**Student:** 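Right, I'll just put the structure down here and ask away after.
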Amino acid sequence: MPLTKCEKITVKLSNAEDDRSYDIYVGRRLIEFAGQLIKPHLKRNFTVIVTDENVAKYHLADLQASLSTQEIECEAIILPAGEKSKSMAVLEQLLEQLIEFGGERNDVITVLGGGVMGDLAGFAASVLRRGVDFVQIPTSILAQVDSSVGGKTGINSPHGKNLIGAFHQPKLVLADIDILDTLSDRHIRAGYGEILKYALINDFAFFTWLNENGTKLIAGDKDARQYAVVQSCKSKANIVSQDEKEHGMRALLNLGHTFGHALESHTEYSDRLIHGEGVAIGMVLAFEFSSFLGFNNGGEINIIKQHLADIGLPNDLSFKGLHPLPSAQEMLDLMLQDKKTEQGNLTFILANGIGKSFVKKNVDKTLALNFLASKNFA
Ligand code: GLY
(Lines give C-alpha, C1' and ligand atoms only; values in the text may rest on other atoms or scores of the structure.)
Protein backbone atom coordinates (compact mmCIF):
# COMPACT_ATOMS: atom_id res chain seq x y z
CA MET A 1 0.00 0.00 0.00
CA PRO A 2 1.72 3.23 -1.08
CA LEU A 3 1.91 6.24 1.21
CA THR A 4 0.14 8.25 -1.50
CA LYS A 5 -3.09 6.55 -0.42
CA CYS A 6 -3.07 8.60 2.74
CA GLU A 7 -4.63 12.00 3.29
CA LYS A 8 -3.08 14.96 5.06
CA ILE A 9 -4.88 17.57 7.12
CA THR A 10 -3.05 20.55 8.59
CA VAL A 11 -3.89 22.05 11.95
CA LYS A 12 -2.99 25.68 11.29
CA LEU A 13 -1.57 27.36 14.37
CA SER A 14 0.62 30.18 13.25
CA ASN A 15 0.93 33.83 14.11
CA ALA A 16 3.53 36.55 13.75
CA GLU A 17 5.65 35.05 16.58
CA ASP A 18 5.61 31.34 15.95
CA ASP A 19 4.32 28.53 13.81
CA ARG A 20 3.12 25.48 15.67
CA SER A 21 1.09 24.13 12.75
CA TYR A 22 1.24 20.38 12.27
CA ASP A 23 -0.03 17.65 9.97
CA ILE A 24 -2.40 14.79 10.62
CA TYR A 25 -1.88 11.89 8.23
CA VAL A 26 -4.79 9.46 7.86
CA GLY A 27 -4.24 6.29 5.88
CA ARG A 28 -3.75 2.54 5.58
CA ARG A 29 -0.78 0.70 7.11
CA LEU A 30 0.60 4.07 8.13
CA ILE A 31 2.62 2.53 10.96
CA GLU A 32 4.92 1.08 8.28
CA PHE A 33 5.74 4.65 7.24
CA ALA A 34 6.07 6.00 10.77
CA GLY A 35 9.89 6.11 10.65
CA GLN A 36 9.86 8.00 7.37
CA LEU A 37 7.27 10.52 8.59
CA ILE A 38 8.75 11.03 12.05
CA LYS A 39 12.37 11.37 10.93
CA PRO A 40 12.11 14.99 9.69
CA HIS A 41 10.99 16.00 13.21
CA LEU A 42 14.03 14.50 14.95
CA LYS A 43 17.18 16.43 15.80
CA ARG A 44 19.03 13.14 16.36
CA ASN A 45 18.12 9.59 15.37
CA PHE A 46 16.45 8.71 18.65
CA THR A 47 12.97 8.64 20.14
CA VAL A 48 11.33 7.19 23.25
CA ILE A 49 8.08 5.34 22.54
CA VAL A 50 5.43 5.57 25.26
CA THR A 51 2.69 2.97 24.99
CA ASP A 52 0.53 0.67 27.10
CA GLU A 53 0.70 -3.06 27.60
CA ASN A 54 -2.34 -3.84 25.38
CA VAL A 55 -1.23 -1.71 22.45
CA ALA A 56 2.38 -2.89 22.79
CA LYS A 57 1.28 -6.49 22.22
CA TYR A 58 -0.22 -5.67 18.84
CA HIS A 59 1.70 -2.70 17.43
CA LEU A 60 5.01 -1.97 19.17
CA ALA A 61 7.09 -4.35 17.06
CA ASP A 62 5.71 -2.82 13.83
CA LEU A 63 6.58 0.67 15.02
CA GLN A 64 10.09 -0.36 16.09
CA ALA A 65 10.63 -2.08 12.72
CA SER A 66 9.51 1.05 10.88
CA LEU A 67 11.82 3.28 12.93
CA SER A 68 14.74 0.95 12.33
CA THR A 69 14.30 1.19 8.53
CA GLN A 70 15.27 4.87 9.00
CA GLU A 71 18.05 4.01 11.48
CA ILE A 72 16.14 5.67 14.31
CA GLU A 73 17.11 4.17 17.65
CA CYS A 74 14.39 3.88 20.25
CA GLU A 75 13.56 2.94 23.80
CA ALA A 76 10.07 1.86 24.82
CA ILE A 77 8.19 2.61 28.03
CA ILE A 78 5.23 0.28 28.48
CA LEU A 79 2.66 1.42 31.04
CA PRO A 80 -0.46 -0.23 32.44
CA ALA A 81 -3.52 0.25 30.22
CA GLY A 82 -6.65 2.07 31.37
CA GLU A 83 -7.87 5.35 32.80
CA LYS A 84 -6.09 4.71 36.12
CA SER A 85 -2.80 5.48 34.38
CA LYS A 86 -3.86 9.12 34.08
CA SER A 87 -2.63 9.67 37.63
CA MET A 88 0.10 11.67 39.36
CA ALA A 89 1.82 8.40 40.38
CA VAL A 90 2.07 7.07 36.81
CA LEU A 91 3.04 10.52 35.50
CA GLU A 92 5.92 10.65 38.00
CA GLN A 93 7.03 7.14 37.04
CA LEU A 94 6.89 8.06 33.36
CA LEU A 95 8.85 11.29 33.80
CA GLU A 96 11.55 9.52 35.84
CA GLN A 97 11.88 6.82 33.17
CA LEU A 98 12.10 9.43 30.43
CA ILE A 99 14.88 11.20 32.35
CA GLU A 100 16.68 7.90 33.00
CA PHE A 101 16.70 7.20 29.27
CA GLY A 102 18.89 10.25 28.99
CA GLY A 103 16.51 12.16 26.79
CA GLU A 104 17.64 15.59 25.70
CA ARG A 105 15.67 18.83 25.41
CA ASN A 106 15.46 18.40 21.64
CA ASP A 107 14.32 14.78 21.69
CA VAL A 108 10.86 13.75 20.51
CA ILE A 109 8.56 11.38 22.37
CA THR A 110 6.47 9.03 20.23
CA VAL A 111 3.11 8.19 21.81
CA LEU A 112 1.55 4.96 20.59
CA GLY A 113 -1.86 4.43 22.14
CA GLY A 114 -5.40 5.60 22.75
CA GLY A 115 -6.71 8.61 24.60
CA VAL A 116 -5.19 7.70 27.95
CA MET A 117 -1.64 7.36 26.63
CA GLY A 118 -2.00 10.48 24.47
CA ASP A 119 -3.22 12.60 27.38
CA LEU A 120 -0.67 11.24 29.85
CA ALA A 121 2.43 11.19 27.66
CA GLY A 122 1.48 14.47 25.98
CA PHE A 123 1.33 16.07 29.42
CA ALA A 124 4.66 14.46 30.38
CA ALA A 125 6.11 15.98 27.19
CA SER A 126 4.74 19.40 28.15
CA VAL A 127 6.60 19.45 31.47
CA LEU A 128 9.72 17.36 30.78
CA ARG A 129 12.68 19.75 30.63
CA ARG A 130 10.08 22.56 30.38
CA GLY A 131 8.61 21.03 27.26
CA VAL A 132 9.74 18.55 24.63
CA ASP A 133 8.13 17.68 21.32
CA PHE A 134 5.93 14.65 20.80
CA VAL A 135 4.19 12.85 17.98
CA GLN A 136 0.99 10.88 18.32
CA ILE A 137 0.12 7.53 16.77
CA PRO A 138 -3.47 7.16 18.03
CA THR A 139 -4.70 3.57 18.16
CA SER A 140 -8.42 4.02 18.92
CA ILE A 141 -11.15 5.74 16.91
CA LEU A 142 -11.73 8.08 19.81
CA ALA A 143 -8.08 9.12 19.83
CA GLN A 144 -7.86 9.39 16.03
CA VAL A 145 -10.86 11.70 15.69
CA ASP A 146 -10.59 13.64 18.91
CA SER A 147 -8.02 13.34 21.68
CA SER A 148 -4.82 13.12 19.60
CA VAL A 149 -5.70 16.36 17.79
CA GLY A 150 -5.77 19.78 19.39
CA GLY A 151 -3.18 19.61 22.13
CA LYS A 152 -5.30 18.96 25.22
CA THR A 153 -3.12 16.85 27.52
CA GLY A 154 -3.47 15.96 31.17
CA ILE A 155 -4.21 13.57 33.98
CA ASN A 156 -7.05 13.09 36.46
CA SER A 157 -7.23 14.31 40.03
CA PRO A 158 -9.22 12.58 42.77
CA HIS A 159 -11.48 15.66 42.36
CA GLY A 160 -12.24 14.98 38.71
CA LYS A 161 -11.20 14.11 35.17
CA ASN A 162 -8.47 16.05 33.34
CA LEU A 163 -8.16 18.65 36.10
CA ILE A 164 -4.34 18.74 35.83
CA GLY A 165 -3.06 19.43 32.36
CA ALA A 166 -1.71 21.71 29.68
CA PHE A 167 -2.25 22.68 26.08
CA HIS A 168 0.70 21.15 24.27
CA GLN A 169 0.34 20.52 20.55
CA PRO A 170 1.95 17.46 18.94
CA LYS A 171 4.35 17.86 16.02
CA LEU A 172 2.64 15.20 13.96
CA VAL A 173 -0.34 12.81 14.18
CA LEU A 174 -0.41 9.50 12.31
CA ALA A 175 -3.88 7.92 12.21
CA ASP A 176 -3.49 4.41 10.82
CA ILE A 177 -6.89 3.02 9.77
CA ASP A 178 -5.68 -0.62 9.87
CA ILE A 179 -4.62 -0.30 13.50
CA LEU A 180 -8.33 -0.01 14.36
CA ASP A 181 -8.77 -3.72 13.50
CA THR A 182 -7.47 -4.70 16.93
CA LEU A 183 -10.20 -2.74 18.76
CA SER A 184 -13.17 -4.47 20.35
CA ASP A 185 -16.59 -3.97 18.78
CA ARG A 186 -17.69 -2.00 21.81
CA HIS A 187 -14.78 0.45 21.47
CA ILE A 188 -15.38 0.85 17.72
CA ARG A 189 -19.00 1.77 18.40
CA ALA A 190 -18.07 4.05 21.29
CA GLY A 191 -15.49 5.86 19.11
CA TYR A 192 -18.26 6.38 16.57
CA GLY A 193 -20.05 8.53 19.14
CA GLU A 194 -17.28 11.13 18.72
CA ILE A 195 -17.52 10.93 14.91
CA LEU A 196 -21.26 11.55 15.03
CA LYS A 197 -20.58 14.53 17.28
CA TYR A 198 -18.91 16.43 14.40
CA ALA A 199 -21.95 15.90 12.18
CA LEU A 200 -24.36 17.07 14.87
CA ILE A 201 -22.24 20.15 15.66
CA ASN A 202 -22.09 21.75 12.23
CA ASP A 203 -22.19 19.32 9.32
CA PHE A 204 -25.59 18.08 8.15
CA ALA A 205 -24.08 16.65 4.95
CA PHE A 206 -21.76 14.48 7.08
CA PHE A 207 -24.79 13.32 9.08
CA THR A 208 -26.46 12.23 5.82
CA TRP A 209 -23.26 10.39 4.85
CA LEU A 210 -23.11 8.70 8.26
CA ASN A 211 -26.73 7.62 7.97
CA GLU A 212 -25.85 5.90 4.71
CA ASN A 213 -22.41 4.55 5.63
CA GLY A 214 -22.19 4.35 9.44
CA THR A 215 -23.07 0.66 9.68
CA LYS A 216 -20.44 -0.18 7.00
CA LEU A 217 -17.86 1.71 9.05
CA ILE A 218 -18.79 -0.29 12.16
CA ALA A 219 -18.62 -3.54 10.17
CA GLY A 220 -15.01 -2.76 9.19
CA ASP A 221 -15.18 -1.04 5.79
CA LYS A 222 -11.76 0.65 5.51
CA ASP A 223 -12.77 3.32 3.01
CA ALA A 224 -15.71 4.33 5.20
CA ARG A 225 -13.46 4.44 8.26
CA GLN A 226 -10.86 6.56 6.48
CA TYR A 227 -13.49 8.99 5.15
CA ALA A 228 -15.05 9.41 8.59
CA VAL A 229 -11.69 9.92 10.34
CA VAL A 230 -10.62 12.46 7.70
CA GLN A 231 -13.90 14.41 7.94
CA SER A 232 -13.73 14.41 11.74
CA CYS A 233 -10.09 15.56 11.78
CA LYS A 234 -10.85 18.31 9.24
CA SER A 235 -13.68 19.51 11.42
CA LYS A 236 -11.58 19.45 14.58
CA ALA A 237 -8.56 21.05 12.88
CA ASN A 238 -10.78 23.86 11.65
CA ILE A 239 -12.17 24.56 15.13
CA VAL A 240 -8.81 24.24 16.92
CA SER A 241 -7.13 26.56 14.38
CA GLN A 242 -9.64 29.26 15.25
CA ASP A 243 -9.81 28.73 19.02
CA GLU A 244 -6.84 26.76 20.32
CA LYS A 245 -7.38 27.48 24.04
CA GLU A 246 -11.18 27.16 24.09
CA HIS A 247 -12.15 30.76 24.63
CA GLY A 248 -15.18 30.32 22.37
CA MET A 249 -16.16 27.95 19.59
CA ARG A 250 -13.91 25.05 20.69
CA ALA A 251 -16.47 24.44 23.45
CA LEU A 252 -18.75 23.09 20.68
CA LEU A 253 -16.57 19.97 20.75
CA ASN A 254 -18.16 19.25 24.12
CA LEU A 255 -21.59 18.55 22.60
CA GLY A 256 -23.14 15.82 24.78
CA HIS A 257 -20.25 15.95 27.23
CA THR A 258 -21.89 17.88 30.10
CA PHE A 259 -24.51 15.12 30.42
CA GLY A 260 -22.07 12.39 29.34
CA HIS A 261 -19.33 13.26 31.83
CA ALA A 262 -21.89 13.41 34.64
CA LEU A 263 -23.09 9.92 33.70
CA GLU A 264 -19.49 8.68 33.51
CA SER A 265 -18.82 10.15 36.92
CA HIS A 266 -21.99 8.47 38.27
CA THR A 267 -20.72 5.12 36.94
CA GLU A 268 -17.26 5.86 38.40
CA TYR A 269 -15.54 5.84 34.99
CA SER A 270 -15.98 2.07 34.94
CA ASP A 271 -16.84 -0.39 32.18
CA ARG A 272 -20.51 0.16 33.01
CA LEU A 273 -20.37 3.12 30.60
CA ILE A 274 -17.42 3.97 28.37
CA HIS A 275 -16.78 7.51 27.17
CA GLY A 276 -18.31 7.34 23.69
CA GLU A 277 -21.44 5.68 25.08
CA GLY A 278 -21.80 8.51 27.58
CA VAL A 279 -21.34 11.01 24.74
CA ALA A 280 -24.01 9.23 22.64
CA ILE A 281 -26.60 9.37 25.43
CA GLY A 282 -25.40 12.88 26.32
CA MET A 283 -25.93 14.16 22.76
CA VAL A 284 -29.52 12.89 22.77
CA LEU A 285 -30.07 14.60 26.15
CA ALA A 286 -28.53 17.81 24.76
CA PHE A 287 -30.98 17.77 21.82
CA GLU A 288 -33.87 16.97 24.18
CA PHE A 289 -32.84 19.76 26.54
CA SER A 290 -32.59 22.14 23.56
CA SER A 291 -36.14 21.19 22.63
CA PHE A 292 -37.26 21.57 26.27
CA LEU A 293 -35.86 25.12 26.18
CA GLY A 294 -37.59 25.83 22.85
CA PHE A 295 -34.49 25.86 20.63
CA ASN A 296 -35.80 23.11 18.35
CA ASN A 297 -39.15 21.42 17.87
CA GLY A 298 -37.81 17.98 18.77
CA GLY A 299 -38.56 16.61 15.31
CA GLU A 300 -35.01 15.37 14.70
CA ILE A 301 -34.50 13.66 18.06
CA ASN A 302 -35.97 10.35 16.88
CA ILE A 303 -33.81 10.47 13.74
CA ILE A 304 -30.68 10.75 15.91
CA LYS A 305 -31.92 8.06 18.30
CA GLN A 306 -32.69 5.70 15.41
CA HIS A 307 -29.23 6.32 13.95
CA LEU A 308 -27.59 5.50 17.29
CA ALA A 309 -29.70 2.34 17.56
CA ASP A 310 -28.65 1.30 14.03
CA ILE A 311 -25.01 1.75 15.04
CA GLY A 312 -25.52 -0.23 18.25
CA LEU A 313 -24.95 2.69 20.59
CA PRO A 314 -27.16 3.46 23.60
CA ASN A 315 -29.58 6.32 23.00
CA ASP A 316 -31.44 6.79 26.26
CA LEU A 317 -31.42 6.31 30.01
CA SER A 318 -32.64 2.71 29.80
CA PHE A 319 -29.00 1.68 29.15
CA LYS A 320 -28.30 -1.01 31.76
CA GLY A 321 -24.90 0.27 32.83
CA LEU A 322 -26.42 3.52 34.11
CA HIS A 323 -28.65 1.85 36.69
CA PRO A 324 -29.45 2.65 39.41
CA LEU A 325 -29.83 6.15 37.93
CA PRO A 326 -28.89 9.19 40.02
CA SER A 327 -31.67 11.49 41.17
CA ALA A 328 -32.24 14.70 39.18
CA GLN A 329 -30.51 16.70 41.93
CA GLU A 330 -27.53 14.29 42.03
CA MET A 331 -27.26 14.53 38.24
CA LEU A 332 -27.34 18.33 38.41
CA ASP A 333 -24.62 18.32 41.10
CA LEU A 334 -22.46 16.09 38.87
CA MET A 335 -23.04 18.42 35.92
CA LEU A 336 -21.96 21.42 37.97
CA GLN A 337 -18.48 19.82 38.17
CA ASP A 338 -18.17 20.48 34.43
CA LYS A 339 -15.15 22.60 33.48
CA LYS A 340 -17.42 24.95 31.52
CA THR A 341 -19.29 25.95 34.69
CA GLU A 342 -18.63 29.64 35.35
CA GLN A 343 -19.42 31.27 38.70
CA GLY A 344 -21.76 28.40 39.53
CA ASN A 345 -23.68 28.77 36.24
CA LEU A 346 -23.95 25.97 33.72
CA THR A 347 -22.82 26.19 30.11
CA PHE A 348 -24.40 23.78 27.64
CA ILE A 349 -23.83 22.99 24.01
CA LEU A 350 -27.36 23.12 22.60
CA ALA A 351 -28.75 22.71 19.09
CA ASN A 352 -31.29 24.38 16.85
CA GLY A 353 -31.15 21.22 14.78
CA ILE A 354 -28.73 18.66 13.31
CA GLY A 355 -25.58 20.57 12.32
CA LYS A 356 -26.74 23.69 14.14
CA SER A 357 -25.14 23.56 17.58
CA PHE A 358 -24.26 26.56 19.67
CA VAL A 359 -22.78 27.44 23.07
CA LYS A 360 -25.28 28.63 25.69
CA LYS A 361 -23.86 30.15 28.85
CA ASN A 362 -25.65 30.94 32.12
CA VAL A 363 -28.33 28.29 31.81
CA ASP A 364 -30.72 28.53 34.74
CA LYS A 365 -30.09 25.64 37.15
CA THR A 366 -33.80 25.33 37.92
CA LEU A 367 -34.58 24.80 34.24
CA ALA A 368 -31.88 22.13 34.07
CA LEU A 369 -33.30 20.46 37.18
CA ASN A 370 -36.84 20.56 35.76
CA PHE A 371 -35.59 18.99 32.54
CA LEU A 372 -33.76 16.24 34.44
CA ALA A 373 -36.84 15.57 36.53
CA SER A 374 -38.88 15.24 33.32
CA LYS A 375 -36.56 12.42 32.22
CA ASN A 376 -36.17 9.17 34.11
CA PHE A 377 -33.95 10.64 36.80
CA ALA A 378 -35.81 9.97 40.05
N1 GLY B 1 -12.14 16.92 23.16
C2 GLY B 1 -12.54 18.27 23.12
C3 GLY B 1 -11.46 19.18 22.69
O4 GLY B 1 -10.41 18.74 22.25
O5 GLY B 1 -11.61 20.37 22.80
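Please read these numbers as outputs of a predicted model, since none were measured by experiment. Each ligand, and each atom within it, is numbered from 1 in the order the structure gives.
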**Student:** Which atoms from ligand 1 have a heavy atom of L253 less than 4.0 Å away?
**Tutor:**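 Counting atoms of ligand 1 from 1, those under 4.0 Å from L253 are 2 (C), 3 (C), 5 (O).
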**Student:** Looking at H41, I'd like to know if its NE2 atom is crowded, meaning that more than 12 non-hydrogen atoms belonging to other residues, nucleotides or ligands lie closer than 6.0 Å.
**Tutor:**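 Yes, NE2 of H41 has more than 12 neighbouring heavy atoms, counting only those of other groups under 6.0 Å.
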**Student:** Would you mind listing which atoms of ligand 1 come within a distance below 4.0 Å of any non-hydrogen atom of D146?
**Tutor:** 1 (N), 2 (C), 4 (O)
**Student:** Per the side chain to side chain contact (heavy atoms under 4.5 Å, CB included) rule, which among V149, I9, L172 passes with Y22?
**Tutor:** V149
**Student:** Hey, is NZ on K39 packed in by over 12 heavy atoms from elsewhere, all under 6.0 Å?
**Tutor:** yes
**Student:** May I have the list of side-chain donor-acceptor pairs in residues 69-77 shorter than 3.5 Å, sequence neighbours left out?
**Tutor:**
from: T69; atom 1: OG1; to: S66; atom 2: O; distance (Å): 2.6

**Student:** For the 3.5 Å polar cut-off, considering only N or O atoms, please tell me whether K236 and ligand 1 meet it.
**Tutor:** yes
**Student:** By number and element, which atoms of ligand 1 are closer than 4.0 Å to a non-hydrogen atom of R250?
**Tutor:**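 Those qualifying, in numeric order: 3 (C), 4 (O), 5 (O).
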